[in-house]
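Single-structure report; data block below.
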Amino acid sequence: MADSAPPKPIPPVWTQLGERLTPRRWLGPVALLGPAGLWLLLLLVIPTLLILEISLVPGLRLGQPAGGYGLDNYLQILQPVYLRVMGRSLLFALGSTLLCLGLGFPVAYWLALMSPRRWRNLLLVAFILPLWTSSLLRAYAWITILRSSGVLNTIFQLLSLPPQNWLNTPTAVFIGLTYSFLPYMVLILYASLEKLDLRLLEAAADLGATPRQQFWQITVPQTLPGIAAGSLLVFIAALGDFVVPTLLGGASSMNISRLIYNQFLGPTRAWGFGSALSMVLILAVSLAIALLLKYGDRSTVTETSQ
Amino acid sequence: MPRKFLPTPRNSRLGSWPRRRFLQSTLAAAVGVSLTNCRQAITAPQGGSANDNTLHIYTWANYIDDALAAEFTQRTGTRVVVDIFDSNEVMLTKLKAGGGGAYSLVYPSDYMVSEMIEAGLLTTLDHARLQGLDNLKTKWQNPPYDPDNAHSIPFNWGTTGLLFNQDVTPGTPTDWSFLWENKEALARRITLLDDMRETLGVALKTLGFSYNTNDPAQISAAYDKLRELQPYIAAFKTTGFENEILAGDLAISMAYSSDAIALVKEDDRLQYIIPTSGTSLWTDTMAIPTTAPNVEAAYQWINFMLEPEVAKAAVERLFFATANQAAFDLLPAEIRNNAELYPPDSVLARSEGIQSISTASNDLFDRYWTQITSA
């Protein structure tokens with residue numbers, strides 16, 4: 001998301017041929033990058049700049065005359081009530097990312113390394129099949145499961161476990177978000193684990209490493225880019241999710257995406273404030289990506305040097 | 001997503017290419033599906049120029065009956081194309097952003113009519129081209145949101161009230177105050193609407209103030225009143241409570257009459273009441289945007305919907321009330337006498353429509369609402 005203008009790669013073949021700056025030389029990259037570049041410019045860069053501009057007009061409202069520029073919209077976010085909303089959104093996103101990682105890694109590990117080879121594709125499809133239904137539908141399904149006389153408590157009762165009233169609590173939000181985004185995590189971790197160099201594990205075992213050591217010193221470092229990519233994807237998606245907190249979260253579940261929605265489509269129509277909130281969300285996501293870039297690079301370096 | 005984040009193949013394992021390909025395409029499919037799940041897809045309708053004989057209507061879900069639309073086409077030769085919005089604000093935003101040029105007719109609610117008039121988005125109706133305006137109920141002859149129906153024709157109306165499950169509710173509620181009086185017994189088995197004007201409005205009404213107050217002290221008092229109830233509320237939901245209240249996991253839900261009456265029909269244990277101290281009254285109207293092509297067809301449609309038989313058919317299957325007295329008279333007695341649908345005049349007199357309030361009051365409402373839903 002951050003790097004909208006990737007550097008034009010100069011085809012090494014042509015360089016070797018010693019061609020001069022002929023139309024052929026730049027036509028290729030332009031043809032290859034043009035459509036995507038245009039797409040990014042029209043649908044990402046320009047809208048983001050528009051949001052930035054709107055966010056810098058204090059108190060801008062739809063259909064009302066705008067004043068000069070200023071930072072008031074951003075200062076408004078610093079009020080405790082809005083900071084609390086931000087904190088809750090971060091908590092929801094971080095919590096569900098960790099849950100997805102904890103639940104997704106074993107599944108991806110089994111799928112990539114232990115499941116019967118010929119069933120693998122089918123199993124993967126089965127795992128991502130829930131994604132083919134609407135997220136709204138899935139949230140409604142969780143209402144049916146989690147409500148106090150719902151499916152979950154019926155099962156708990158059969159097992160003589162104490163009934164739980166999880167619907168309309170943060171617990172339900174974590175469950176809903178984790179369920180929604182687990183397939184992404186599993187797919188990415190699977191891609192990473194599938195390429196795990198098993199010879200390194202054998203070598204480690206030959207040299208006397210315990211299974212635990214093998215896991216933490218061979219498997220995890222090798223799949224770290226996958227872990228980082230999966231976590232990032234889940235984090236970003238969970239941070240912006242709208243449906244799950246609204247339907248499952250209960251009376252105290254206001255999060256940043258709902259707050260932004262209320263500013264744009266609620267009675268206040270405070271587009272300026274809403275844009276400032278959106279910019280903060282965009283910055284938070286960009287920051288996460290920047291951290292990952294730095295972190296991801298280093299891990300690759302250490303891997304190669306080892 | 002930059003490719004860098006995705007693990008790159010370290011050793012060439014030609015054998016694994018098909019699976020990798022498969023994986024990429026499934027991932028792409030998954031992402032594609034999740035993107036299609038995004039809501040609020042604002043699409044531009046095609047066609048709709050003044051020449052072709054099509055009437056583009058922008059309205060709420062379930063407001064245009066297919067059979068009636070077919071009858072209209074048969075009579076006038078005009079094809080009806082319907083687009084759906086799920087909130088007044090979505091409709092307003094689209095019209096303001098210039099994406100509503102194809103629509104000849106929109107269905108704004110009461111307060112939105114006032115705002116759209118103010119923004120110059122609605123045509124002044126030529127009453128000479130309309131037949132059957134006398135058929136409207138007196139309360140809707142000169143509504144506060146649009147004096148003399150100069151820009152909009154009321155189509156239907158409804159109330160906001162309490163839907164409750166008799167099995168799990170201690171007693172029978174008659175007024176909003178029931179919630180406060182029985183909050184402990186009802187703890188976490190109440191839902192209120194996810195709508196700041198309606199829900200803070202209930203607190204205002206309970207305190208004896210108007211839904212449409214601009215007085216900061218009254219709004220603040222309403223916040224305190226609602227804050228008192230907040231810990232006992234399961235959720236603020238406009239939809240998604242149906243399953244729970246049918247199962248008895250919820251005792252009481254604040255609901256719009258049309259949603260509530262549909263549920264009451266489904267289960268005898270459910271009951272809907274309109275609080276005696278009054279409630280909010282919503283009206284949805286038909287109006288012609290200033291940008292409308294094919295205005296003639298829009299007038300034809302309004303006239304068609306004003307016909308008593310048509311107006312009767314339009315409200316019969318859906319659970320909202322008609323603003324058309326002539327159509328009301330045609331309805332079967334069982335519907336006419338349904339106090340949930342058509343509350344007595346004494347209750348109507350104490351009720352008010354939600355109207356636009358000042359920007360400062362809206363901001364105050366919104367801040368308190370964020371605090372309530374974030375407590």
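Letters A, B, ... are given to chains in the order of the sequence lines, protein chains preceding strands, and every chain is numbered from 1.
Among all heavy-atom pairs drawn from V81(A) and S374(B), the shortest one is O-OG, 4.4 Å. Residues Q230(B) and A251(A) approach most closely at NE2-O, 3.4 Å, considering heavy atoms. The heavy-atom pair separating G240(B) from I143(A) by the smallest distance is O-CD1, 3.6 Å. Pairing each heavy atom of R88(A) with each of T373(B), the nearest pair is NH1-O, 4.5 Å.
You'll find the side chain of F236(B) stays beyond 4.5 Å of the side chain of N168(A), heavy atoms only. In this structure the side chain of Q371(B) never reaches within 4.5 angstrom of the side chain of V85(A), judged on heavy atoms.
In this structure, S252(A) contributes its side chain and A375(B) its backbone to a donor-acceptor pair below 3.5 Å.
Taken to the nearest 0.5 Å, the OG1 atom of T239(B) stands 3.5 Å off from the OH atom of Y140(A). We find the OG-CG distance between S149(A) and N243(B) to be 9.0 Å, quoted to the nearest 0.5 Å. Taking CG of N165(A) as the start and CG of D249(B) as the end, the distance is 8.0 Å to the nearest 0.5 Å.
Within a 6.0 Å sphere centred on CZ of R84(A), other residues, nucleotides and ligands contribute 12 heavy atoms or fewer.
Of the two parts of Y82(A), only the side chain, counted from C-beta on, holds a non-hydrogen atom closer than 4.5 Å to a non-hydrogen atom of chain B. Looking at S253(A), the atoms closer than 4.5 Å to chain B (heavy atoms on both sides) all sit in the backbone: N, CA, C or O. Proximity to chain A is absent for every atom of E118(B), based on heavy atoms less than 4.5 angstrom apart. Heavy atoms of L167(A) lying under 4.5 Å from chain B belong to its backbone as well as its side chain. Within the 4.5 angstrom heavy-atom criterion, atoms from both the backbone and the side chain of R367(B) approach chain A. The parts of L247(A) that come within reach of chain B are both its backbone and its side chain, each placing non-hydrogen atoms under 4.5 angstrom from that chain. With a 4.5 Å cut-off on non-hydrogen atoms, D194(B) touches chain A through its side chain but not through its backbone. If you measure heavy-atom distances from I357(B) to chain A, you find no contacts under 4.5 Å at all. Neither the backbone nor the side chain of N255(A) comes within less than 4.5 Å of any heavy atom of chain B. For chain A, no part of S356(B) is nearby; none of its heavy atoms comes within less than 4.5 Å. Residue contact with chain A, scored on non-hydrogen atoms closer than 4.5 Å, involves the backbone and the side chain of A234(B) alike.
Between D366(B) and R269(A) there is no salt bridge, since no side-chain N of the basic residue sits under 4.0 Å from a carboxylate O of the acidic one.
Shown here are the side chain to side chain contact (heavy atoms under 4.5 Å, CB included) partners of S220(B), two or more places apart in sequence or in another chain: D224(B), Y368(B).
Applying the salt bridge (charged side-chain N to carboxylate O under 4.0 Å, His left out) rule to pairs touching residues 236-247 of chain B yields K237(B)-E244(B), sequence neighbours excluded.
Ranked by non-hydrogen atom pairs under 4.5 Å with chain A, the options R197(B), M196(B), R188(B) are led by R188(B). The residue among Q79(A), R258(A), Q263(A), M254(A) with the most heavy atom pairs within less than 4.5 Å of chain B is M254(A).
Residue T268(A) forms a side-chain contact (heavy atoms from CB on, under 4.5 Å) with just one option from T359(B), N362(B), L364(B), and that option is N362(B).
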For D363(B) and R61(A), run side chain to side chain contact (heavy atoms under 4.5 Å, CB included): C-alpha distance rounded to whole Å, both residues' side-chain angles, the deciding distance at 0.1 Å, then the answer. CA-CA 11 Å; D363(B) 279 352; R61(A) 274 162 223 278; 2.5 Å; yes
